[in-house]
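To start, the structure itself, in structure tokens.
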Amino acid sequence: MDKRLQHIITLRENGRLEEANQLMVALVQEKPENAYYQFQCAWTYDSLGKEKEAIPHYEKAIQLGLKPEILLDAYLGLGSTYRTLGQYEQAKRIFEQAISEFPEAEHLKVFYAITLYNLGEHSMAMETLLNTIIHTTNHEGIKDYRKAIKFYSDKLDRTWE
């Protein structure tokens, strides 16, 4: 990582968000085809609560191509940003794309479930969360009842007589 970018990241991590953002925007203007710079620029905007400004940078970073571990974070950032702006359908689309590319990334599924909730898809949101819980927990009680939780995860509205 180059020294300028490292300096910007350090500024962001130390709470000097406006300064980090200004420097990152300048760096992106110099090298607009650098996907990682675009991603970092989006992150600085998100850190400032300027979600609308972050979106084009996340989109450009994804379009240009990122290493898988960074791409995963870019999808999460973009989907979350759409969700916080109330653009739930776009968020859902991004999270579904991300989950199809990174099916083992359980943390994505939590944000996807939140988006489903926002869309009124409560049953699917709960199913997603319950399945995420059983795949990620080490809690003995959850592990003991994993089979039952899995069984009920897609039958939340069903009753038995």
Would a single hydrophobic cluster contain both [Y] and [X], if residues Ile, Leu, Val, Met, Phe, Trp and Tyr are joined by side-chain heavy-atom contacts under 4.5 Å?
X	Y	answer
M126	M124	no
I149	Y152	no
Y112	L130	no
I114	L119	no
Y36	M24	yes

Considering all heavy atoms of both residues, which atom of [X] and which atom of [Y] are nearest to each other, and what is their separation?
X	Y	value
G79	A91	O-CB, 3.3 Å
S153	K150	OG-O, 2.8 Å
G77	D46	O-OD2, 4.1 Å
A61	A35	CB-O, 3.3 Å
A98	L108	CB-CD1, 3.6 Å
T128	K109	CG2-O, 3.4 Å

Checklist entry - Does the pair Q90 and T81 meet the rule for a side-chain contact (heavy atoms from CB on, under 4.5 Å), with working shown? => result CA-CA 10 Å; Q90 294 94 321; T81 299; over 6 Å; no
Rounded at 0.5 Å granularity, tell me how far [atom1] in [X] sits from [atom2] in [Y].
X	Y	atom1	atom2	answer
Q38	I62	CD	CD1	11.0 Å
D2	L27	CG	CG	6.0 Å
Q87	T115	CD	OG1	11.5 Å
S47	Q40	OG	CD	9.0 Å
L71	L76	CG	CG	11.0 Å
L72	K67	CG	NZ	14.5 Å

Can a salt bridge be assigned to the pair [X] and [Y] using a cut-off of 4.0 Å between side-chain N and carboxylate O?
X	Y	result
R12	E19	no
E51	R83	no
E140	K143	yes

Checklist outcome for this item: Given the options D157, D154, L116, S123 meets side-chain contact (heavy atoms from CB on, under 4.5 Å) only with D157
Checklist outcome for this item: Only residue of Y45, W43, Y37 satisfying side-chain contact (heavy atoms from CB on, under 4.5 Å) with C41 is Y45
Item to check | Side-chain H-bond candidate by donor/acceptor type, E101 with Y75, under 3.5 Å | outcome: yes
Item to check | H122 and Y117: CA distance, side-chain angles, deciding distance, ring pair (Phe, Tyr, Trp, His ring centres under 6.0 Å) verdict | outcome: CA-CA 5 Å; H122 302 125; Y117 171 84; 5.2 Å; yes
Item to check | Audit row: K92, E121, side-chain contact (heavy atoms from CB on, under 4.5 Å) steps and yes/no | outcome: CA-CA 11 Å; K92 181 181 177 182; E121 297 179 34; 3.0 Å; yes
[X] versus [Y]: any side-chain heavy-atom pair under 4.5 Å?
X	Y	result
T137	R146	yes
K60	L64	yes
F111	F95	yes
V28	N34	no
L78	I55	yes
R4	E30	yes
L11	N14	no
H57	F39	no

Item to check | Backbone N/O of L17 and side chain of N21: donor-acceptor pair under 3.5 Å | outcome: no
Checklist entry - Do H7 side-chain atoms and K3 backbone N/O form a donor-acceptor pair below 3.5 Å? => result no
Checklist entry - Given Y58 and I94, is the side-chain contact (heavy atoms from CB on, under 4.5 Å) satisfied, shown in steps? => result CA-CA 11 Å; Y58 279 128; I94 293 298; over 6 Å; no
Checklist entry - Mind checking what makes side-chain contact (heavy atoms from CB on, under 4.5 Å) contact with E13, not counting sequence neighbours? => result I9
Next on the checklist: Quick check with a 6.0 Å cut-off and a 45 degree axis cone: is K155 positioned over the face of F151's six-membered ring?
Outcome noted: yes
